[in-house]
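Structure first, then comments.
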Amino acid sequence: MQSGPVARLRGDLFGGVTAGIVALPLALAFGVASGAGAAAGLYGAMVLGFFAAVFGGTPTQISGPTGPMTVVTAAALVAFQGDLSSVMMAVALSGVLQMVLGVIRVGRFVRFIPYPVISGFMSGIGVIIILLQLHPLLGAHSVSSPLQSVLTLGPALVHTSLSSLFLGALAMAIVFLTPARISRVLPSPLIALIAGTLVSVILGLDVATIGAIPQGLPELHLPAFNPGRLREILGYALALAVLGTMDTLLTSLVADSMTKERHNPNRELLGQGLGNMLCGLVGGIPGAGATMRTVVNIKAGGSTRLAGAIHAVLLLAVLLGLGPLASRIPMPVLAGILVKVGVDILDYRMLGILRRAPRQDLAVMVTVFAITVFVDLIVAVAAGVTLASLLLTYRVTRQSSIDIQGEEEFNGRLSEERGLQAVTDFAVRVVTVSGPFFFGTSASMQDAVAKLAGTRVLVINCLKVPFMDLSAIFALGEMVERMRDARVAVLLAVTDKHRKRLLELGFGSLLPEDRMYTEHEPALAEALRLAEEDLRAARAAEHRPVKGTLQPM
């Protein structure tokens, strides 16, 4: 990090200019790839880049259009059949949702999203970006979906434009092969952009270009609201908000690791949300914290919010005076640059351990990847989180157990240690719950009731339960009720924390408080001792050894 104010200012200037140079070709490419146009990419990079830098919680972060956000925007534009106003409404609402997430302080919870979900989604986004660039590379018209790209690839190959293929190959050669020492001085995407454009103009190649870019500042206007598309608008707004939040905060973690500082995740969401909301109001595509541009900024010396603001001002200069030059950029060149972006997005860490990864995690990653590429991005995230949650529930459930024992079995150790006299039958039974007691294991409690035939006194031992959710409490209550209806006396051994919670939820109406023992009493020994007393009293009242019916407690 820079030490003095002059050094910091110089570093921010270099960092901001360098990040802006890197952002320019990407903003143009993402704008075109989204279907909203190159100007929309510049608007988004400029507006989000400025407001996220000034109001966000990661001083060194550079924000702008990213691959994942661009793909979702493109999907929304297809879903709304080219209705850009509805897309911008979804963009603006996504910014509002991000600000709400920041206000309610959920930024820190993003890190709990399972890694296989993130991996499958990011790799899927990378493949989508690559597939969508195949047609522009071949000189064909762009397609709107990866599946359509695969299905129409044959005809595109037949009618390949050699000029487009040449420019695309030139751009890919530059971005893939430029040495790192050169890229640090002059970013390879910018080299590819300039070289490809110059070659196209000098040779007079007949290829598709970006076309005219509007000059001047973007106009502020409210997107038209279509009530008939409310559900779709909210769906894409939520997808953009969640994806933008994940993308941004992961980039913030990268910035933290490089600067040895800590970002403010909730403030970052406020800044990102404000920027994306304004993007929707000026017709810009949404974005997030951009990892590559952030790394470039930090390595060039950027250390404060000024660098991000300078990056946005440089893009503004393009809008104010360099539009005619940018309009001649060939589409195959942008496609070649985006292929490199797609390749970089692929999660090589996960791909490198596919054969050794746990099968359940691999199943989640592959499922999310396939749905992302061939179905829908929103469905992919929802399905991935749901599947990961179900598999986690299954794993936790396997760590829990519900054992049923006769008191003579269970009391073998305790009889000598605590002076408990073991009975010679199963009239007293102990149901021991070990591990987490939650909705995943509550069904086992219901199944245990069927195995308690002949029981006269039941001791439920929950001392080894670390946590208990509402489903488990209800299952426990139903078991007590069924035992009470069957005229079986019930005692409960629980931790003091759990007894307090049970009483707060009205469990005392099912089982008196003096029948709940905690670890301070000690619980199980006292419960078993009282169970023996109950059994002896019942036998004495019935005047027979074992059989009979206890009066309900």
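Keep in mind the model is a prediction, meaning the values are calculated, not measured.
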Report summary line: Between the OG atom in S85 and the CZ atom in R229, the distance rounded to the nearest 0.5 Å is 10.0 Å
Query - Trace of the side chain to side chain contact (heavy atoms under 4.5 Å, CB included) decision for Y348 with L351 - result: CA-CA 5 Å; Y348 294 100; L351 293 175; 4.3 Å; yes
Query - Qualifying residue for side-chain hydrogen bond (donor to acceptor under 3.5 Å, both in side chains) with S252, from N264, T58, T294, D247 - result: T58
Requested in this report: Check whether any side-chain heavy atom of I285 lies under 4.5 Å from a side-chain heavy atom of V91, and answer yes or no.
Outcome: no
Query raised in the report: Taking all atoms of both residues into account, what is the closest heavy-atom pair of D361 and P116, and its distance?
Result: O-CB, 3.5 Å
Requested in this report: Might you confirm whether atom CZ of F50 has over 12 heavy atoms from other residues, nucleotides or ligands at distances under 6.0 Å?
Outcome: no
Query raised in the report: Is there a side chain to side chain contact (heavy atoms under 4.5 Å, CB included) between L346 and V127 once you walk through the steps?
Result: CA-CA 8 Å; L346 297 176; V127 170; 4.0 Å; yes
Query - Steps toward side chain to side chain contact (heavy atoms under 4.5 Å, CB included) verdict (Q360, V364) - result: CA-CA 6 Å; Q360 293 178 339; V364 173; 5.9 Å; no
Query raised in the report: If you measure from CE on M99 to CD on Q272, what distance do you get to the nearest 0.5 Å?
Result: 11.5 Å
Report task. First locate atom OH of Y43, then atom SG of C279, and finally report the distance between them rounded to the nearest 0.5 Å. Result -> 12.0 Å
Requested in this report: Using a strict 4.0 Å threshold on nitrogen-to-oxygen distance, state whether D12 and R305 make a salt bridge.
Outcome: no
Report task. Just do the side chain to side chain donor-acceptor pair (under 3.5 Å) check on H263 and T60 with the steps written out, would you? Result -> CA-CA 9 Å; H263 71 283; T60 57; over 6 Å; no
Requested in this report: Determine the minimum heavy-atom distance between S161 and G139, stating which atoms define it.
Outcome: CB-CA, 4.0 Å
Report task. State, to 0.1 Å, how close V72 and A239 come at their nearest heavy-atom pair, and which atoms those are. Result -> CG1-CB, 4.5 Å
Query - Exercise: identify the closest heavy-atom pair between V368 and G384 - result: CG2-CA, 3.3 Å
Report task. Tell me yes or no: between the side chains of S188 and T178, is some donor less than 3.5 Å from an acceptor? Result -> no
Requested in this report: Might you point out which heavy atoms bring G196 and L170 nearest each other, and give the distance in Å?
Outcome: CA-CD2, 4.3 Å
Query raised in the report: Under a 4.5 Å cut-off applied to non-hydrogen side-chain atoms, are L230 and M89 in contact?
Result: no
Query raised in the report: After noting the C-alpha distance and the side-chain angles of E268 and T248, does the key distance pass the side chain to side chain donor-acceptor pair (under 3.5 Å) rule?
Result: CA-CA 8 Å; E268 183 62 39; T248 294; 5.4 Å; no
Query - Spatial distance of atom CE (M365) from atom OG (S123) [nearest 0.5 Å] - result: 6.0 Å
Query - Short side-chain to backbone donor-acceptor contact, R8 and T304, under 3.5 Å - result: no
Query raised in the report: Do I310 and L306 have side-chain heavy atoms sitting under 4.5 Å apart?
Result: yes
Query raised in the report: Under a 4.5 Å cut-off applied to non-hydrogen side-chain atoms, are L48 and L278 in contact?
Result: no
Query raised in the report: Taking all non-hydrogen atoms of both residues, which atom of P25 and which atom of L193 are closest, and how far apart?
Result: CB-CD2, 3.7 Å
Query raised in the report: Do M331 and V207 have side chains that get closer than 4.5 Å, going by heavy atoms?
Result: no
Query raised in the report: Side chains of L240 and Q98: closer than 4.5 Å at any heavy-atom pair?
Result: no
Query raised in the report: Crowded around F474 CZ? As in, over 12 foreign heavy atoms under 6.0 Å?
Result: no
Query raised in the report: Do the side chains of L391 and L387 get nearer than 4.5 Å, heavy atoms only?
Result: yes
Query raised in the report: If you count the non-hydrogen atoms of other residues, nucleotides and ligands that lie under 6.0 Å from CD in Q81, is the total more than 12?
Result: no
Query - Atom pair CD1 (I337) and CG (L26), whose distance is rounded to the nearest 0.5 Å - result: 7.0 Å
Requested in this report: Verify side chain to side chain contact (heavy atoms under 4.5 Å, CB included) between L270 and F55, making sure each step is shown before the conclusion.
Outcome: CA-CA 7 Å; L270 289 173; F55 297 100; over 6 Å; no
Requested in this report: Spell out, as yes or no, whether a donor-acceptor pair under 3.5 Å connects the side chain of N297 to the backbone of G308.
Outcome: no
Report summary line: Taken to the nearest 0.5 Å, the spacing of T73 OG1 from Y236 OH works out to 10.5 Å
